[in-house]
Amino acid sequence: MNRAPLVAAVLAWYEENARDLPWRRADASPWAVMVSEFMLQQTPVDRVLGPWRDWMERWPQPAALAAAPAGDAVRAWGRLGYPRRALRLHQAAVTITDEHGGRVPDDRAALLRLPGVGPYTAAAVLSFAFGQRHVVLDTNVRRVLSRVAAGVAYPSPTPTRAEEALAEEFLPSGQAAAARWAVASMELGALVCTARSPRCSSCPVSSACAWQSAGKPAWDGPPRRGQSYTGTDRQCRGVLLAVLRSSDAPVGREELLAGWSEPAQAERALASLLADGLADQVGGRFTLPH
DNA sequence: CAGACGTGGGG
DNA sequence: TCCCCAAGTCT
């Protein structure tokens with residue numbers, strides 16, 4: 001099957017329907033793109049917009065962030081979730097400043113050495129910030145390809161080798177077109193080919209979609225693992241960290257643990273926050289890291 | 001490699 | 001209301 005017409009249709013659709021996101025503007029720096037990618041790991045666009053603007057205003061270059069205490073990054077991260085990402089972004093800024101002259105590296109190996117940068121983020125930065133040709137396989141693209149090409153409602157839990165190869169088939173050969181396809185296919189997944197209620201009637205490639213042709217069969221693969229949350233250590237960590245974020249002064253142990261009803265679990269959570277570097281102990285009190 | 005890791009909004 | 005899901009990475 002020739003992928004070119006489908007790719008062209010998605011590119012044309014993107015021209016008309018792309019969101020005007022600040023990190024997509026022509027004047028967005030590689031750093032601006034990288035910050036957005038960290039924030040967008042598992043966090044919806046709408047919630048990222050505000051913190052991203054504040055972050056870029058405060059730390060317009062990696063060196064600015066590198067010069068700040070890690071705790072400032074954690075506090076500025078606010079409620080985006082998975083605060084270890086803030087720590088990793090801070091550490092990445094330090095490495096970029098110390099080892100890359102303050103510039104976000106434009107090669108894959110160097111990017112992958114940065115904390116918090118995995119296969120997806122590396123490809124995204126190279127594609128979006130530097131216009132390079134890379135397969136950018138995020139959850140949106142994986143879902144689009146799963147439906148369009150495989151006729152299946154959802155992709156497997158983790159990317160496979162076959163998926164990578166399939167994605168490569170769709171990737172235009174030219175650099176610019178490849179980079180364009182990367183954003184466009186992601187955008188289609190985010191706006192039209194969504195997980196819950198796909199808008200197939202407004203999809204530019206519905207006529208070429210295997211899933212559509214098959215009558216949009218329901219997911220019959222292994223049950224998709226839900227993430228329980230209430231009562232978990234994760235929730236507890238979140239509660240404790242929220243206390244630290246909201247306080248300028250160091251917080252006493254009693255006060256810190258008071259927000260959680262299970263003392264043993266709270267102790268364990270606090271220990272893990274300290275181990276992760278998300279909290280510091282100064283005397284008998286606790287703060288965000290310095 | 002399965003599980004840990006936050007948080008909030010929409011169906 | 002409750003459940004699912006959101007531009008993943010790390011161990």
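In this text the structure is predicted, and so the values were computed from the model without any measurement. Naming: A, B, ... by sequence-line order, numbering from 1 per chain. For the numbers below, each heavy atom of this structure counts, side chains included, while hydrogens, waters and symmetry mates do not.
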Between dT11(C) and dG6(B) - P atom distance, rounded Å: 14 Å
Side-chain-base donor-acceptor pair under 3.5 Å for Ser197(A) and dG10(B): no
Touch class at under 4.0 angstrom, heavy-atom based, for Ala195(A) against every strand present: sugar-phosphate
Crowding at CZ, Arg75(A) (>12 non-hydrogen neighbours, <6.0 Å): yes
Selected nucleotide, minimal atom distance to Ala190(A) side chain, candidates dA7(C), dG6(B), dG8(C): dA7(C)
Atom C1', compared across dG8(B) and dT1(C): separation rounded to whole Å: 15 Å
Between dA7(C) (C1') and Arg142(A) (CZ): distance, integer Å: 13 Å
Touch class at under 4.0 angstrom, heavy-atom based, for Val117(A) against every strand present: sugar-phosphate
Short side-chain N/O contact to dT9(C) OP1/OP2 from Arg84(A), under 4.0 Å: no
Comparing Gly78(A) and Thr158(A) on DNA chain B - which has the more 5′ nearest nucleotide: Thr158(A)
Touch class at under 4.0 angstrom, heavy-atom based, for Arg245(A) against every strand present: sugar-phosphate
Donor-acceptor pair present, Arg234(A) side chain and dG6(B) base, under 3.5 Å: yes
Length of the line joining Asp233(A):CG and dA4(B):P, which is rounded to integer Å: 9 Å
Nucleotide nearest Arg79(A) (side chain, heavy atoms from C-beta), chosen from dC5(B), dA7(C), dG8(B): dG8(B)
Donor-acceptor pair under 3.5 Å, Arg88(A) side chain vs dT9(C) base: no
Nearest to side-chain heavy atoms of Tyr154(A), which nucleotide of dC5(C), dG8(C), dG6(B): dC5(C)
Main-chain N/O of Ala210(A) paired with Arg147(A) side-chain donor or acceptor, under 3.5 Å: no
Sugar-phosphate only, base, or nothing, as touched by Leu21(A) at under 4.0 Å among non-hydrogen atoms: base
OP1 or OP2 of dT7(B) under 4.0 Å from side-chain N/O of Tyr229(A): yes
Glu16(A), CD: over 12 other non-hydrogen atoms inside 6.0 angstrom: no
Check: dC4(C) base within 3.5 Å donor-acceptor of Arg196(A) side chain: yes
Contact nearer the 5' end of DNA chain B, comparing Leu241(A) with Arg199(A): Leu241(A)
OP1 or OP2 of dT9(C) under 4.0 Å from side-chain N/O of Thr121(A): yes
Between C1' of dG8(C) and CD of Glu164(A), the distance in whole Å: 14 Å
Gln42(A) vs dG8(C): side-chain N/O to OP1/OP2 distance below 4.0 Å: yes
Parallel, tilted or perpendicular, as decided by the 30° and 60° cut-offs, for the rings of Trp52(A) and Trp23(A): perpendicular
Sugar-phosphate, base or nothing in reach of Thr139(A), heavy atoms under 4.0 Å: sugar-phosphate
Distance-only polar pair, side chains of Arg24(A) and Ser36(A), donor-acceptor under 3.5 Å: no
Sugar-phosphate, base or nothing in reach of Gly118(A), heavy atoms under 4.0 Å: sugar-phosphate
Sugar-phosphate, base or nothing in reach of Trp77(A), heavy atoms under 4.0 Å: nothing
Sidechain-backbone polar pair: Arg268(A) side chain, Asp233(A) backbone, donor-acceptor under 3.5 Å: no
Between C1' of dC5(C) and CG of Asp46(A), the distance in whole Å: 14 Å
N or O in side chain of Arg143(A) less than 4.0 angstrom from dC5(C) OP1/OP2: no
Sugar-phosphate only, base, or nothing, as touched by Pro157(A) at under 4.0 Å among non-hydrogen atoms: nothing
Residue pair Gln265(A) / Trp260(A): nearest heavy atoms and the distance that separates them: OE1-NE1, 2.7 Å
